[in-house]
Amino acid sequence: MSKKYILEMFPYPSGNIHMGHVRNYVIGDICARYHKLKGDEVIHPMGWDAFGLPAENAAIQFNTHPQDWTLKNIQNMKSQLKKLDLDLDWEKELSTCEKNYYQCQQELFIDFYNSGLAYKKDALVNWDPEDQTVLANEQVIDGKGWRTGAVVEQKILSQWFFKITNYAEELLHGLDELTLWPEKVKTMQKNWIGKSIGAEINFEIFEKNDQLNIFTTRPDTIYGATFIAISVNHKLVGKYLNNNEINNIKKTFAQSTDEKEKIGFLTGIECKHPINNKKLPVYIANFVLDNYGEGAIFGCPAHDERDYEFAIKYNLQIIKVIECDDDQLPFTQDGKLINSPLVDGLKKTEAIIKITNYFEEKNIGKRSINYKLRDWGVSRQRYWGCPIPVIYYEDGSYRVLEKSELPVLLPYDVDLNGKGNALLNHDNWRKIICPKTKKIAFRETDTLDTFVDSSWYYIRFLDNKLGTPFNPQRVDEYLPVDKYIGGIEHAILHLLYSRFFMKALRDIYKLKVNEPFQQLFTQGMITHKTYRTQKNEWVMPKDVISDRGKLIRDKTRETIEEGPSEKMSKSKKNVIEPDEILSNYGIDATRIFMISDSPPDRELEWTDEGIQSSKNLIRRIERYFTINKTSLKEDTEKMVEKFVNNIEKNILNFSLNKCVADIYTLFNYLEKEKIYLNNNEISKKILICLHPIVPKMSSNLSKRLFNDDIITKWPNINNMLLIENSINLPIQIQGKLVTTIETEKGYLEKDILKSIYKIDKIKNKLHDRKVVKIINVQDKIINIITD
RNA sequence: GCGCCAGUGGCGGAAUGGUAGACGCGCUGGUCUUAGGAACCAGUGGGCAACCGUGGGGGUUCGAGUCCCUCCUGGCGCACCA
């Protein structure tokens with residue numbers, strides 16, 4: 001018996017499940033049920049990603065408590081999930097807001113700290129003014145908060161970080177092992193990690209006992225350097241400019257309306273070119289990123305578009321060091337180096353090696369690898385999260401608690417109406433006497449990013465009631481998750497964090513597992529047409545009716561305009577409520593529709609016709625099995641065997657839309673040929689194969705027909721029955737199809753040619769042409785080549 | 001700009017380099033009516049035909065929707081990453 005850990009991304013308990021959840025969980029359920037019937041030891045748990053801001057917002061809005069709100073939602077969503085007939089291991093259920101769970105997470109935090117993977121530093125952080133909290137780099141999209149869409153501000157705060165950068169290289173290389181992950185997700189992670197190979201160069205500063213480090217991927221173009229540019233947040237800026245000047249520069253940068261406009265300010269300092277000692281002016285420039293590399297660049301205008309634009313604007317020298325025409329500047333392609341005494345005549349790769357070696361010899365630079373990936377900032381200034389197990393003393397020093405001092409419980413009695421973090425305002429909770437030193441101390445009031453919660457829940461499922469986070473032996477036995485199914489929106493955040501966690505825990509606990517998820521399947525979203533009134537009000541699909549060929553709003557009879565199909569969203573009101581669908585069409589039809597119209601990894605458009613025809617199919621199968629007689633044909637067994645084989649293959653490939661086609665094909669055949677199976681053994685096979693997809697109908701029918709639970713074991717396939725003896729052989733002339741002939745497999749080429757040449761169509765085509773060659777792909781095709 | 005993915009009937013989609021369009025939706029005609037959110041039968045890529053058809057153009061091959069090159073279009077991701 002082999003284990004199969006099948007997992008769907010656990011939901012945030014927002015109150016109600018939506019169609020996206022239904023699709024996600026139906027896909028996983030089909031898979032899990034299939035493997036169970038195959039006799040595998042299936043783990044298929046479900047839980048709740050229960051911490052997070054919406055609970056706090058709801059608490060304020062509805063005058064409730066985040067915990068009460070969350071627990072109530074969980075209860076409701078659980079009952080909704082139960083209606084979907086999902087075969088879940090409910091005894092493994094967990095919720096990240098349970099004391100049990102977050103206490104373990106506090107233990108992990110302590111482990112991380114003791115291993116040097118958690119640390120605190122002052123950092124320029126992304127501040128989401130709406131949520132009043134810090135966001136990780138990954139959580140800022142286009143300068144806006146991933147959840148709120150508010151423009152993110154920069155603030156300096158003392159924050160906890162996880163050292164994900166320790167694993168940058170392994171996170172990158174590990175992607176190669178993940179052969180069952182979508183390429184797309186791997187590419188996104190690769191780009192996010194952003195590895196660049198180059199060199200670090202130290203520039204001396206004239207007349208100051210100071211130096212400036214620069215990371216570059218193009219040390220070969222060093223002779224073309226004509227200026228230096230640094231970020232306004234670079235540490236040298238504070239040294240040589242006063243606050244007033246710095247603020248003015250920042251202001252000017254912020255006021256620029258064109259994001260790509262290059263703006264620079266001279267600092268007054270100059271760097272020494274590391275080879276020819278020329279003076280290079282140092283600018284503060286808005287296009288230099290402070291969180292990448294060293295926050296400084298050398299400008300080589302002839303061979304970099306940005307530097308070129310900057311040099312033109314500030315009238316800086318442009319020195320060509322790669323052979324090209326002047327009108328090709330900036331020339332960024334590979335070429336032969338010129339005006340570079342050390343590397344003249346070389347190509348880029350060789351020049352890079354030679355220059356870097358030179359720097360290393362002279363001790364003015366070295367080979368360097370740079371990653372875009374930053375350490376993961378995990379502090380959140382919010383109440384409804386896992387408290388960070390740290391206390392601070394009055395002198396500003398802090399102590400990470402010991403495991404024996406856990407848990408740090410979230411207080412229930414909080415005032416959420418105040419500004420900022422409710423924990424910070426809760427003096428009774430915050431102020432303590434340190435049990436070790438007996439000194440006055442204050443608890444850390446930041447809580448952990450909820451992405452921490454979801455970085456290890458798949459491990460916790462294995463032993464959800466254990467006093468420690470997990471049992472290492474069981475982790476090695478049951479991880480990785482064999483099939484992980486969820487939305488692609490987690491391609492970077494959740495999936496990268498989880499991979500980091502798995503590797504960190506592996507190193508701390510000496511586990512064998514390297515990657516948390518062996519196969520990743522990203523299901524597509526569900527879309528629906530959008531409807532709006534002429535006043536631009538969105539209208540829900542169920543409120544739109546057709547009236548003499550026109551769409552109108554049911555209640556007000558306003559004219560409705562139909563818009564394109566878009567992802568179901570509350571804001572556009574193009575949502576279909578699972579509860580209503582389930583009560584109108586039933587669970588089996590809903591499950592069928594979730595997989596029928598498109599492959600599971602593509603988007604699925606919700607249509608009334610689609611759900612209706614799914615329902616019709618269910619009724620058709622039920623009707624078929626009411627026919628109380630038995631009549632078989634010679635090839636019936638064969639057809640059913642093919643059906644079993646196809647369903648199995650298609651479930652394993654996640655080609656679930658083809659499973660639906662297989663079902664139609666089978667019943668089209670049975671009905672057309674007037675074959676009735678009644679309670680024949682063949683019916684058993686069919687019902688078992690239908691079971692993963694439509695479990696309710698399959699169970700009901702099997703009870704009715706067999707008075708017994710026959711859904712126990714997936715049928716063994718008799719390969720002999722899959723072999724086709726007679727085939728329809730295509731005959732081509734010059735590679736073009738002319739006709740097909742019925743024949744037995746294993747025909748002799750010369751025999752079959754005799755009968756082919758007798759066919760009129762062939763005779764006519766060939767008439768006086770000479771046959772020069774016969775391509776016979778045995779049992780597949782015959783191609784006649786003429787001159 | 002860079003990267004990835006995808007372009008197949010009216011629509012959703014099938015096709016280990018070997019009969020393009022499985023299966024479904026829709027549509028057309030018909031049947032049955034205990035008028036249904038039915039069901040059943042026949043048909044449904046284009047063209048009267050020979051033939052032509054998988055975004056355009058090249059190529060490889062006996063044979064290309066599938067492989068290679070190139071261009072176009074659309075989607076997604078990243079984006080001043082030095």
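Atom set for the values below is all heavy atoms of this structure, side chains included, hydrogens, waters and symmetry mates excluded. Per chain, numbering begins at 1; letters A, B, ... match sequence-line order.
- Taking atom C1' on both A20(B) and A64(B), the two are 11 Å apart, rounded to the nearest angstrom.
- Within the structure, a side-chain polar atom (N or O) of N616(A) is placed less than 4.0 Å from OP1 or OP2 of A39(B).
- The distance from atom CD1 of I627(A) to atom P of A39(B) is 14 Å, rounded to the nearest whole Å.
- One atom, OH of Y624(A), and another, P of A38(B), lie 24 Å apart when rounded to the nearest Å.
- For C80(B), the base has a donor-acceptor partner in the side chain of K262(A) [N/O atoms by modelled type, under 3.5 angstrom].
- Judged by distance alone, the side chains of D601(A) and Q523(A) never bring a donor and an acceptor atom under 3.5 Å apart.
- Using bins of under 30°, 30° to 60° and over 60° for the plane-to-plane angle, the ring pair F265(A)/F253(A) lands in the tilted bin.
- Separating the CD atom of E183(A) from the C1' atom of C4(B) is a distance of 9 Å, rounded to the nearest angstrom.
- Across all strands shown, N657(A) has heavy atoms under 4.0 Å from sugar-phosphate atoms exclusively, and none from any base.
- Look at R23(A) and E603(A) and you find no salt bridge, because none of the NZ, NE, NH1 or NH2 atoms lies under 4.0 Å from a carboxylate O.
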Nucleotide-level pairing of RNA chain B, given in dot-bracket where Watson-Crick and G-U pairs need both distances under 3.5 Å and | marks other strands: (((((((..(((.....[....)))((((((.......))))))((....))..(((((..]....))))))))))))....

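- Side-chain atoms of R499(A) and Q189(A) form a donor-acceptor pair, as typed in the model, at a separation below 3.5 Å.
- If you find the closest nucleotide of RNA chain B to S655(A) and to Q734(A), the one lying nearer the 5' end belongs to S655(A).
- Donor-acceptor pairing under 3.5 Å, judged by distance alone, is absent between the side chain of N191(A) and the base of C78(B).
- Rounded to whole Å, atom P of G37(B) lies 9 Å from atom CZ of R619(A).
- Contacts of P182(A) with the nucleic acid, taken as non-hydrogen atoms under 4.0 Å apart, are absent.
- Regarding I774(A), its CD1 atom lies at a distance of 14 Å from the C1' atom of G63(B), rounded to whole Å.
- Where T665(A) and G295(A) meet RNA chain B, the nucleotide closest to each residue was compared, and T665(A) sits on the side nearer the 5' end.
- Among the nucleotides G13(B), C4(B), G37(B), the one closest to the side chain of Y585(A) is G37(B).
- Using the six-membered ring where Trp is involved, H490(A) and H494(A) have ring planes that are perpendicular, over 60° apart on the 30 and 60° scheme.
- One finds a side-chain N or O of Y292(A) lying less than 4.0 angstrom from the OP1 or OP2 phosphate oxygen of A82(B).
- At a threshold of 4.0 angstrom between heavy atoms, the contacts of L289(A) include nucleobase atoms, whether or not backbone atoms are also involved.
- Taking atom NZ of residue K773(A) and atom P of nucleotide C62(B), one finds them 6 Å apart after rounding to whole Å.
- Rounded to a whole Å, the CG atom of N668(A) is 7 Å from the P atom of C23(B).
- Contact check, K780(A) against G17(B): no side-chain N or O comes under 4.0 Å of OP1 or OP2.
- For G57(B), the O4'-C1' to base torsion is more than 90° from 0; the nucleotide is therefore anti.
- Remark: E305(A) CD is loosely packed, at most 12 non-hydrogen atoms of other residues, nucleotides or ligands lying under 6.0 Å away.
- Between W376(A) and Y497(A), the ring-plane angle classifies as parallel under the 30° and 60° cut-offs.
- Remark: P of A22(B) and CZ of F667(A) are 21 Å apart, rounded to the nearest angstrom.
- Remark: K615(A) is not in phosphate contact with C25(B), judged by side-chain N or O atoms under 4.0 Å from OP1 or OP2.
- Ring pair Y314(A)/Y283(A) is tilted by interplanar angle, where 30° to 60° counts as tilted.
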